[in-house]
Structure formats: C-alpha cells, structure tokens
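Okay, structure first, notes after.
Predicted, not measured: the structure shown is a model, and the values here were computed from it. First the proteins, then the strands, lettered A, B, ... as listed; each starts at 1.
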Amino acid sequence: MAGSRLETVGSVFSRTRNLMRAGVLKEKPLWYDVYKAFPPLREPVFQKPNLRYGKAKATIQDIFYHEDRIRAKFFSAYGSGPKAFDLFNPNFKSTCERFVEKYIELQNLGETNEEKLFVETGKALLAEGIILRRIGEARAVTIRHQAAAEGNQPQKDDAWEQQEAREEPQGACSGL
Amino acid sequence: MAPARTALPRLLCAGVRSARRWPGFLRKATPGPAGPSGRMLTGAPNPARSEPQDDHDLQRKILDLPLKHSDFFNVKELFSVKSLFEARVHLGHKAGCRHRFMEPYIFGSRLDQDIIDLEQTASHLQLALNFTAHVAYRKGIILFVSRNRQFMHLIENTAQNCGEYAHTRYFKGGLLTNAQLLFGPEVRLPDLIIFLHTLNNVFEPHVAVRDAAKMNIPTVGIVDTNCNPCLITYPIPGNDDSPPAVHLYCRLFCTTINRAKEKRRQMEILYQLPSVKRAEDSGTRRSS
C-alpha cells in the first residue's frame, strides 16, 4: 500500500488527501471520512520547538486571588496553623481558610485598618476555640506545655530555649 | 438505550423516503396477496435482482448516516467540566517543565504550577471521543499506548474490556514502520492509536507518536504541560499523572468504544438482513 512517511511536511490528512488525488493511494483509509467530517481544532502539522531567547517570556498569567494577601499574612505570622491539612476531603476547611472567611466578614462589616482586622480576626477565632500560635517565638507545643495556662507559657518557653541552647553545644561537641 | 430509540424513528423515516430503492415486497407489504406460507410471492424475484445494489446502498447508509450528526454517539453526556475538575485533570506540571506548544492550552499558573484550561480540554475531549467512537463504529483497530508503569495494568485491562489492543511495554524499533518484516506480509496496522501518556520513561516523546504520523495513522493523545502536542491529531490537554485522571480517561474511552460497537451491531441488525428473512425477523424485532 502506498504511503508517505514525511511526518514533518503536512498533516496526516493532507498527505493522504493529496496521495489519493494523485491516484497513488487507491483505497480510502477508514478514518478519512471521519476526519473530514470532524476535523480537529488545530491541524496536526509538525512545528519545530524553538527555545525562547533573551527577554521573551511566555504569555501565561499568574493566578492570584485577593484572599492570597490575607493568606500570606496568616502564614507568615502563624505558620500552617494548628490543624493538619486533610487533602482527601474535597470540602475541607483549613484554619487558614476559616481565618480568611472571618477576615472578609469583618471587612464587610466596615473595618478598614489591616492590622486591626488581623488582630480582630485572631480574637474572633479564639472565641470559636481555635488557638493560633505565632511562629518566631520558640514553639513549645508538646502535650505537657499545652496543658499549662497561657500565663505560664512565656516562662516555660524561656526554660525550653535555655535547654535547647544548652543542648546544642553538647550536640556539636559530640559530633566532632 | 436512549440514543438508539431516538435514532430509530429517523432511520425508519429514512427508509420511507428512499422507498424506490427498497426491494419491491416491502412496499407491497400491507396490500398484496399472501400465499399459503404467509410469504410474499410477488416479491421474490425483486430482491434477488437489486441485492448487490442494495448492499452497497445499505453499507453507504450505515457509514454515512452517523457523520451527518454532530454527536451521533452522544459523547458529551459522558463528562462535564466539573467531573474533569474533580478528577484533577486541570493540574499540570511546574512552570519550568512547560512545553512551549502547550501554552495556548494553559489557563494560568498558580504559585508556579500550571493549571490547564478545562473549557478547552472539554472541547478537545469531545472531538477526540467522537472520533474514537466513529473509528470503532467502522470496525477500526484501536491501539492504546502508554509507557507509564503505574497505569500499565489498568490500560491493558481497559483495552481488554473494549475488545481492542494495548501496547504498554517496550516499543521495539520498527514496530509500525517495519511491521511487514516483524509480523508478516499481510498485517493490518491500527487505524487509531490512543496515547494515555505521550512521554516515555525518560521524558522524551514516545516513538509511536512520530511513527504513527509516518504511517498516516491518526492519533488521539492526552498531552500534559510537558508534552509536545504537534504531531497528535486530536490532542487532549490534561493531567496524565494523577490516578483519578487516568481512571477517568480509561473509563471514557472504554464507554465510547463499547457504545460505538453496540450502535454498529444495532444498525447492522436494522439494515443488513437477508431479504428473505426480513419479513419474519423485522416482525420479531419490532415486537421485542
């Protein structure tokens, strides 16, 4: 059976059509009529993949939302939040998501000052029962420390920091 | 099946419009003298004379009629943009892996991960499934190709369920281009190749993409953001790495191919009966 093996020249359809018109290909292939009736959105011709040079950039936009600003502030202040992310559940709401919703609620009520809104949202979540711990201070989140009251926490944190400071040089020495 | 039932009245009308071509005894069915056996005595010579023409017309009718509808096999109902989203079809690779020719199909990039435009995917998928269905309807050979080991078994099972073929192992050099030598002189190459993964295990385009273009075989392929969609006849921009996505594609292809084959069987039963048996059989079919 005659055929053309030039995959870089035209599309499969154009080559077959021209071969049939020239009389070289006698029988019509099975898919010919189907392609003719339902052509693809782009003709499948070969294109040489050239790289971009210099300052040429792809024209793909970044996807950002207004809530991303709030999320960025939340993550820089509190890290991931106390609750682990459950990716199996499609309707899962993380701590950050709840924070963002509360923030927008308070914003719609009329507040404009960003820092004030941030603090207010933190307080509102605390009232609902979500405790947000700031990162940057030593994270003493073990079971023993969680049982302690909020007032005792700074002392315990200092004690933990001293302990870590004492442990580190020991660890370094043992390494050497 | 709903599509068959809606297609039936139109087919019957189609028969009536071209009544001149139909064998004589069908027109004389209601009046006309009935012999002792219940058969049409006057009609017997007519079918014998016009049968070769008749067969040719019927073949043409069976093959041409589906091409006139925009969605003869109703593939649109098999998926929706929401179902594609839930199967994570929109998730692409990171922006560094992006192929230049995939840019038109990408909606945007979210924190450096490319998101594929599902509206475009839906239209491409509809075209591709429609093409697959028509090829299967015309009794074409379909070959599923993939080199991703995670879904090898699934794809082989899918092919088996449709009654088609799959090649998910090492693709030997001249399998398509040198088939006469490898298989024998009279070998029939596939009429459609479906790529569930366009890349091989070293992230280069699969050899079969180029070889199918060489052998003038149309291809349908799932192209991820790091694939080259140029040579694929009906590309489907979509995620090819997540299990839910690949399971969805396998289910869609399996359903379309089975649907198309079922339709073909029904059309053949409707049209291509030997004329002598037609009177009895058409009665039994209509009653059933």
Sort [X] into side chain, backbone, both or neither according to what part of it lies under 4.5 angstrom from a heavy atom of chain A.
X        : answer
B/Leu127 : side chain
B/Ser70  : backbone
B/Pro104 : neither
B/Arg100 : side chain
B/Ile115 : side chain
B/Phe107 : both

Exercise for review: May I ask you to check whether B/His134 and A/Phe38 place their ring centers less than 6.0 Å from one another?
Suggested key: yes
Practice item. Verify the ring-centre separation between B/His206 and B/Phe171: is it less than 6.0 angstrom? Key: yes
Salt-bridge criterion met for [X] and [Y] (N-O under 4.0 Å):
X        : Y        : answer
B/Glu103 : A/Arg52  : yes
B/Lys94  : B/Asp114 : no
B/Lys139 : B/Glu268 : yes

Is it the side chain or the backbone of [X] that comes within 4.5 Å of chain B heavy atoms, both, or neither?
X       : answer
A/Phe13 : neither
A/Ile60 : side chain
A/Pro39 : backbone
A/Pro49 : both
A/Asp68 : side chain
A/Val45 : backbone

Practice item. Considering only heavy atoms, give the residues of residues 99-126 of chain A separated from chain B by less than 4.5 Å, sorted numerically, with 'none' for an empty result. Key: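 Hits under 4.5 Å: none found.
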Review point. For B/Tyr137, is the NZ or CZ atom of B/Arg264 found under 6.0 angstrom from the centre of its six-membered ring and inside 45 degrees of the ring axis?
Key: yes
Review point. Where along residues 179-195 of chain B does a heavy atom come under 4.5 Å of chain A, listed by residue number?
Key: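 Within residues 179-195 of chain B, near chain A: B/Arg188, B/Asp191.
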Point to revise | Side-chain donor-acceptor pair present, B/Asn216, A/Arg15, cut-off under 3.5 Å | key: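 Note: B/Asn216 and A/Arg15 side chains meet the donor-acceptor criterion.
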Check your understanding: Any side-chain donor-acceptor pair under 3.5 Å between B/His93 and B/Asp241?
Key -> yes
**Study point:** Nearest-0.5 Å distance, CG of residue B/Leu129 to NE2 of residue B/His124
**Key:**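 Interatomic distance, B/Leu129 CG to B/His124 NE2, rounded to 0.5 Å: 12.5 Å.
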Review point. Are the side chain of B/Ser80 and the backbone of B/Ser83 linked by a donor-acceptor contact shorter than 3.5 Å?
Key: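 Flag set: sc B/Ser80 to bb B/Ser83 pair under 3.5 Å.
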